[in-house]
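Let me begin by presenting the structure, written as structure tokens, before commenting on it.
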Amino acid sequence: MQPGEIRVADVSRRFRVYPRDAHSLRELVVRGRGEPTDVWALRDVSFEVAPGSAVGLVGRNGSGKSTLLRILAGIVRPTSGHAEVGGRIGSLLELGAGFHPDFTGRENVFLNGAILGIGRAQIREQLDEIVAFAGLEDFIDLPVRTYSSGMYMRLGFAIASHLAVDVLLLDEVFAVGDEAFQRKCFNRIFEFKRNGGTIVFVSHDAAAVERLCERAVLLQQGEVAFDGATHDAMTAYHRLLADERDPAELGAGLSEWGSGEARITDVRVCGADGVDRAQFLAGEPLSLRLRLTSERPLPPPRLTYELRDEAGRLLTAGAVDTGELGWDGTPVALPVRFDVDSLPLADGRFDLSLGLTDDSGGHLYHQLSHASSFVVYPSGCERGALLLDGRWSREDARAEGELRSR
């Protein structure tokens, strides 16, 4: 096989699940573990990846994505079929996987390199770059058990992406870390791809998969449901979630789903002059502008919105019948806007979610859980999330005094 080539042929993986755990030999002999149940995580999965390609694995939780990555990494053996990967494999499948908690960050770099079969001299050449990328210059000689989850992630990704590997396996690598770290990771991954590396990427984030991968494989209940262009694969995946308002995958980075007959596009947060804005002063006007589109004639859907603060607390929510905005039942590209004359927010970062449903609210056409975000700064001494708009004045007690004197 060529370095970077991947071949998966009729791979199935069965896990045997027992109803009871046996924590000791005595419990195993006396009580037993009960009759096992066979759970098939994968069934007859086949596909090939050419060297230098980037392929996304998408699907619902429990569809077999992570199991397939572990088979490619050699951590798990398939029950039947075979999977071959040409060349060296770098993987970031789990936060801190492969780290020894009592070793320092520096020692774990050499440990991971040894596992990959890379010599110490070659690791030393990359060590400074790995540490600088992770931003751990002041912590690299401390035990990794003292690291935060973000520091674990940065070091793990830096090791996986900088050592000399041919294939990079990534599982929800952007679900942890701030925006700056995510941008740095993307730049590094693109550089790895430009240099001819092969990438297999698991994520629920449609934007991340479409930016990185030209092809995606959709898994459904352990089987290949679609293998083709990334956009088509993500559309098919989002349709699986069309009737769910709060999918379990939200915590793993899912930000968009729905059946797709109607969609929300071109979401912009603007000032009163129509110029895009990301920052506002408390009490300033705000204008939300977006476009509604449909593939076929539809009755007017309901447009819903939710505004949450940085902690995820719901501040306000509402809905509007798009028939009142001009939706006439024909395929449309309808521009709409929502204007706020005085922003009733005082201080913080706020996140806006938008959705399109049928008139009953039971079927979801399109949901954007993070349609847009913006920051509000106090214009005076305001504090907290909400701006309480009112007037202070001295209460006039003159009339009451006159009554008492009579």
message = Is any side-chain heavy atom of L127 closer than 4.5 Å to one of I140?
response = no

key: Short side-chain to backbone donor-acceptor contact, S63 and Q221, under 3.5 Å   = no

key: Salt-bridge criterion met for R215 and D227 (N-O under 4.0 Å)   = yes

query = Is a side-chain donor or acceptor of S12 paired with a backbone partner of P78 at a separation under 3.5 angstrom?
reply = no

key: 4.5 Å side-chain heavy-atom contact, L290 and D266   = no

task = Could you tell me whether a side-chain N or O of R154 sits under 3.5 Å from a main-chain N or O of F133, the two making a donor and an acceptor?
result = no

key: Cation-pi geometry met for R194 and F190 (6.0 Å, 45°)   = no

key: Any T322 side-chain heavy atom under 4.5 Å of V336 side chain   = no

inquiry  = Using a 6.0 Å cut-off, check whether atom CG of L388 has over 12 heavy atoms from anything other than its own residue.
reply    = no

inquiry  = Nearest 0.5 Å, please: how far is CG in L356 from OG1 in T304?
reply    = 7.5 Å

query = Going by distance alone, is a donor N or O of one side chain under 3.5 Å from an acceptor N or O of the other, for R289 and S287?
reply = yes

remark   = Taken to the nearest 0.5 Å, the spacing of F338 CZ from L352 CG works out to 9.5 Å

ask   = CD1/I6 to CD/E84 distance, rounded to the nearest 0.5 angstrom?
value = 11.5 Å

query = Does D359 come within less than 4.0 Å of R302, counting only side-chain N to carboxylate O?
reply = no

key: Side-chain heavy atoms of R277 within contact of F374, under 4.5 Å   = no

Pair D351 + R308: basic N to acidic O under 4.0 Å = no

query = In terms of heavy-atom contacts, does CG of D339 have more than 12 from other residues, nucleotides or ligands at under 6.0 Å?
reply = yes

ask   = Quick one: does L136's side chain get under 4.5 Å of L142's, heavy atoms only?
value = no

Side-chain touch L69/L170, heavy atoms, less than 4.5 angstrom = no

request  = Answer yes or no: is there an ion pair linking E191 with R188, defined by an N-O contact shorter than 4.0 Å?
outcome  = yes

request  = Side-chain contact test, heavy atoms from C-beta onward, threshold under 4.5 Å: evaluate it for L387 versus L343 and give yes or no.
outcome  = no

inquiry  = Quick check on E214: does its CD atom have over 12 non-hydrogen neighbours (other residues, nucleotides or ligands) under 6.0 Å away?
reply    = yes

query = Can you check whether C213's main-chain N or O pairs, donor with acceptor, with T230's side chain at less than 3.5 Å?
reply = yes

inquiry  = Return the CG to CD distance between D166 and Q2, rounded to the nearest 0.5 Å.
reply    = 11.0 Å

message = Working to the nearest 0.5 angstrom, can you tell me the gap between F139 CZ and L155 CG?
response = 12.5 Å

inquiry  = Any heavy-atom pair between the side chains of F103 and V144 that's under 4.5 Å?
reply    = no

note = In this structure, CZ of R7 is separated from OG of S46 (nearest 0.5 Å) by 13.0 Å

